[in-house]
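In the text below, chain A, chain B and the rest are named by the order of the sequence lines, each starting its count at 1.
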Amino acid sequence: MSGLHLHELSLNYGAQPILERLNLEIPEGQLVSILGASGSGKSSLLRLVAGLQSPSSGHLLWRGQPITEPSPQCGVVFQDYTLFPWLTLRENVSLALSQTQPQLSRAEVRRQADGFLVQVGLGAASKNYPFEISGGMQQRGALARAFALGSPLLLLDEPFGALDPVNRAHLQDLLARVWQASKPAKTVLFVTHDVDEALYLGDRVVILGSNPGRVIADLSVPLERPRSRQRLLDSPEFHALREQINDRLAVEILRGLNSQSQLEPSP
Amino acid sequence: MTDTSLSTPLTAPAKTNAFFWPQHYEAWLLWPVLLLVWQLLSQYLPLGVNPLIPSPWVTFQALHDSWPELWQGTLSSLGILLPGFALALLLGTVLGLWVGSKERAGRIWLPFARVVAPVPPTVYIPYAIAILPSFLVSAIFVVFIGAFWPIFQSAVAGAHALDRRYRDNARALGLRGWRYWRLVLLPAALPHLFSGMGVGLGFAFILLTVAELFGANAGLGRFVQYYADFADYPRMVAGILYTGLITFLSMSLLEAVRQRLLFWVRR
């Protein structure tokens, strides 16, 4: 059995249900965007897949093995606070390399780390500390570290959520490029609340409903790659999908406002 | 968080050490003013032939004359302070981080620490001198006790303050054991640890000099006590000034190390 299988997955914080009987099958090599309003448990879902948390019930399987704790099979990038501020970019990336490949010599770790930094456009900043560089550069560094881990499964939790639109577009292109270049292709779960971003990057868009979180729509994105923003904007399929998703989300948000009883607990 | 210069990272702003180079000249002016007040007090107060307030000139003369003795005293005092403080730093950090990062250890040890830590460490001095084989060992023990609790408590606080996002990142990277301690837990706890070290060093000096009053035959506290017994006030005041200077220099050294190691803390 390959890929990621989530079966009847539920998560509660105390009496409050966060995710309820969520089912999802993700074949290997797919880039899946996960969309949802606040309170839909997007981040909680990612924490479960990362093994950072255990579900209240249900199963998670990666390549047929249950996920019970974090493993090098799976790299994670959060919205911020991903890089350790007391380490340089190179040290941050090296950390991932020496973690998965302890046999590498120090010089080799350094060489490979610099390679990953060059890949994300940070070749000149390898000796810089995170506080010395901009937010966009920090997220590039975070991606470099996740790539360096070499994991077949990559989880991205609103990684570009705190960036300005220009940087965001740059980093989306970078992610798409590196993902397409990865052989074999990595399986990516990309959590976002930006519909355009979800469509631009995803092979598939999964929409989570709120309170409690569950899958309310699962759409495939039949737009050919490599994608360009301009071609996407000219494509009627893109606009149809976007409208469909926006409608679905609007219904969900209205439903949330009407019930207005629970909010996603802040991390 | 704009990302305008990808290849030329921002450099950290140049920092001036406001402690040593006060921007306001008043801070420097205070010293000559105090000296003048001292001079006037010693000159015009009717204090008799062996004044309790010797004039600055007489005091500095005594400081100069006692230089060899004070230097010997410094070495003797440091011989107590350094081992005591180093042991407190080592054990306080290791135990504090352990108790602060392991829930079970915290449940067992923190209530105990809350009871024992507030006991004024000076009350241990007579008992330590009675129970331990030599004055040196008992003085080191007393310095250790004085510095241990502030450092321990700051290490616990530092471990508790470790941001969940850093912890998640470390777990996702598979960092464990010694690597986790060295690369994540210890650096993250350092800001707290340094405030504990500052308090601990202050306590260490207090306890050192108090212990020396009890039974030493050398050392800074002993120097002051010895000349007080002979009513040699110039030397006594010289000893007080000198001890103040040594304490100040030690604190400044600690501050310099702090600034160096905590360069990454956002100012």
Inter-residue atom distance [X].[atom1] - [Y].[atom2], 0.5 Å rounding:
X: A/F84; Y: B/L175; atom1: CZ; atom2: CG; answer: 6.0 Å
X: A/E69; Y: B/R176; atom1: CD; atom2: CZ; answer: 5.0 Å
X: A/E91; Y: B/L183; atom1: CD; atom2: CG; answer: 9.0 Å

Search all heavy atoms of [X] against all heavy atoms of [Y] and return the closest pair with its distance.
X: B/W264; Y: A/F131; answer: CA-CE2, 3.5 Å
X: A/W86; Y: B/V184; answer: CZ2-O, 3.5 Å
X: A/P70; Y: B/A172; answer: CB-CA, 4.0 Å

[X] portion near chain B, given a 4.5 angstrom heavy-atom threshold:
X: A/A96; result: both
X: A/S71; result: backbone
X: A/L155; result: neither

Step through the shown structure and confirm whether more than 12 heavy atoms of other residues, nucleotides or ligands are within 6.0 Å of [atom1] on [X].
X: A/R63; atom1: CZ; value: yes
X: B/Y124; atom1: OH; value: yes
X: B/W109; atom1: CH2; value: no

- Considering only heavy atoms, which portion of B/R167 lies under 4.5 Å from any heavy atom of chain A: side chain, backbone, both, or neither? neither
- Contacts of B/D168 meeting salt bridge (Lys or Arg N to Asp or Glu O under 4.0 Å) (sequence neighbours excluded), chain-then-number -> A/R47, B/R164
- Task: Determine, stepwise, if the pair B/N169 / A/V76 fulfils side-chain contact (heavy atoms from CB on, under 4.5 Å).
- Result: CA-CA 7 Å; B/N169 273 301; A/V76 190; 5.6 Å; no
- Task: State, without any angle test, whether A/Q79 and B/R165 hold a side-chain donor-acceptor pair at a distance under 3.5 Å.
- Result: no
- When only pairs under 4.5 Å are counted, which of A/V166, A/T100, A/L87, A/L52 shares the most heavy-atom pairs with chain B? A/L52
- Query: Most heavy-atom pairs under 4.5 angstrom with chain A, which of B/P187, B/A170, B/G174?
  - Reply: B/P187
- Task: Check side-chain hydrogen bond (donor to acceptor under 3.5 Å, both in side chains) between B/Y242 and all other residues, then give those that pass, not counting sequence neighbours.
- Result: B/T74
